[in-house]
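If you're wondering where the values come from, they're calculated on a predicted model, not measured in any experiment. All residue numbers refer to positions in the sequence shown, counting from 1.
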Amino acid sequence: MIAGLLFLAFAFFAVAQAGTVRNGGQTAADAAALGAAEDDRQQFFDGFLDALDDEDGWRDWLDAVAPLTGDGCGAATRFANRNRSDLRACDLVTRDGDDGYSVSIETRFDTGNTIIPGTDNKTAKATATAVLRPRCEADDTGAGEDTGDSGDAGESDDTGDTGGNGDDPDPGAEAAEEIQLICDGEELTIDPEDEGDGLKPSDLFSVVLVE
């Protein structure tokens, strides 16, 4: 009777340990996939900031279509290591138009010794896929209004020209117009002269698990 109860107790422990290993493996896979996509997000964000004063050069970065030179899979490896796992595969994928990474890992930790035959020292394998999604789009409706205003300003510029003042180039320095965005339905205004001060990667892009 006692022996039977002890066997059941050890069996439950073995099942629980196997579940812990599986959960740990899935956590490692999720972290690796998210880490890879977040590496891309940081590159798109940095590229966007660098292109703020490049007329429309920032648009490709905002739409997440500019070419990248980073190593998303390298980031996936680092995140897998942090979770005591090895990265077995890492592939660029596209899901519903969003680019990301699909990864596969195997844990370096295992179930240890158990009393259930065939369950000793079992590692876990897991997969995960994460994608990057742009949250914002350019609000070009305001550009037309600005153009109309500049037309009125042009009349005052003509008046300035007749005065022969050499200060006209200074107003021309305001050519770096504010960038108007719509992010998840909310308006966001970016002043290129502020170089994105206070802006975060998560303000422009989201990273989500899809598998």
Side-chain angles (χ1 to χ4, degrees), residues 6-50 60-137 183-184 196 198-211:
L6 286 174
F7 178 82
L8 286 176
F10 281 119
F12 280 125
F13 175 79
V15 171
Q17 182 67 8
T20 299
V21 173
R22 283 195 303 272
N23 290 338
Q26 191 59 58
T27 296
D30 291 348
L34 289 170
E38 287 172 357
D39 186 77
D40 280 6
R41 175 170 68 178
Q42 187 63 52
Q43 290 185 71
F44 281 123
F45 180 71
D46 291 342
F48 174 80
L49 294 184
D50 290 341
D60 283 350
W61 295 102
L62 183 69
D63 295 336
V65 295
L68 300 180
T69 58
D71 184 13
C73 288
T77 298
R78 292 192 295 274
F79 277 91
N81 282 331
R82 292 178 187 178
N83 288 275
R84 296 186 296 151
S85 300
D86 295 317
L87 186 70
R88 295 305 187 190
C90 178
D91 300 296
L92 285 168
V93 297
T94 300
R95 296 289 187 271
D96 296 328
D98 300 317
D99 293 333
Y101 294 85
S102 181
V103 304
S104 174
I105 64 92
E106 183 174 359
T107 61
R108 292 196 292 267
F109 52 91
D110 55 41
T111 58
N113 296 323
T114 70
I115 64 172
I116 300 178
T119 63
D120 288 348
N121 305 313
K122 292 291 185 180
T123 59
K125 297 178 181 179
T127 61
T129 300
V131 298
L132 177 145
R133 291 174 177 165
R135 299 183 56 199
C136 306
E137 60 182 15
C183 302
D184 294 339
L199 202 62
K200 304 184 298 296
S202 58
D203 293 329
L204 304 182
F205 311 97
S206 62
V207 170
V208 295
L209 290 168
V210 294
E211 293 176 9

Can you find a heavy atom in the side chain of [X] that is under 4.5 Å from one in the side chain of [Y]?
{"X": "D99", "Y": "D40", "answer": "no"}
{"X": "V131", "Y": "V208", "answer": "yes"}
{"X": "C136", "Y": "L62", "answer": "yes"}

Nearest 0.5 angstrom please: [X] [atom1] to [Y] [atom2], how far?
{"X": "L132", "Y": "R41", "atom1": "CG", "atom2": "CZ", "answer": "7.0 Å"}
{"X": "T77", "Y": "I105", "atom1": "OG1", "atom2": "CD1", "answer": "12.0 Å"}
{"X": "L209", "Y": "L34", "atom1": "CG", "atom2": "CG", "answer": "4.0 Å"}
{"X": "D63", "Y": "L204", "atom1": "CG", "atom2": "CG", "answer": "11.0 Å"}
{"X": "R88", "Y": "S104", "atom1": "CZ", "atom2": "OG", "answer": "8.5 Å"}
{"X": "F45", "Y": "D50", "atom1": "CZ", "atom2": "CG", "answer": "10.0 Å"}

**Message:** Against D86, only a single residue in R108, R78, K125 fulfils salt bridge (charged side-chain N to carboxylate O under 4.0 Å, His left out); can you say which?
**Reply:**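 The passing option is R108.
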
**Message:** Would you call the rings of F205 and F44 parallel, tilted or perpendicular, taking 30° and 60° as the class edges?
**Reply:** tilted

Under a 3.5 Å distance rule, please check whether [X] uses its side chain to pair with a backbone N or O of [Y] as donor and acceptor.
{"X": "T107", "Y": "A124", "value": "yes"}
{"X": "R84", "Y": "F109", "value": "no"}
{"X": "Q26", "Y": "T127", "value": "yes"}
{"X": "Q43", "Y": "L68", "value": "no"}
{"X": "S202", "Y": "K200", "value": "no"}

**Request:** Grab the two heavy atoms, one from N83 and one from T27, that are nearest each other, plus how far apart they are.
**Result:** OD1-CG2, 4.0 Å

**Request:** In plain terms, say whether D98 and R95 are close enough for a salt bridge, that is, a side-chain N and a carboxylate O under 4.0 Å apart.
**Result:**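 No salt bridge links D98 with R95.
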
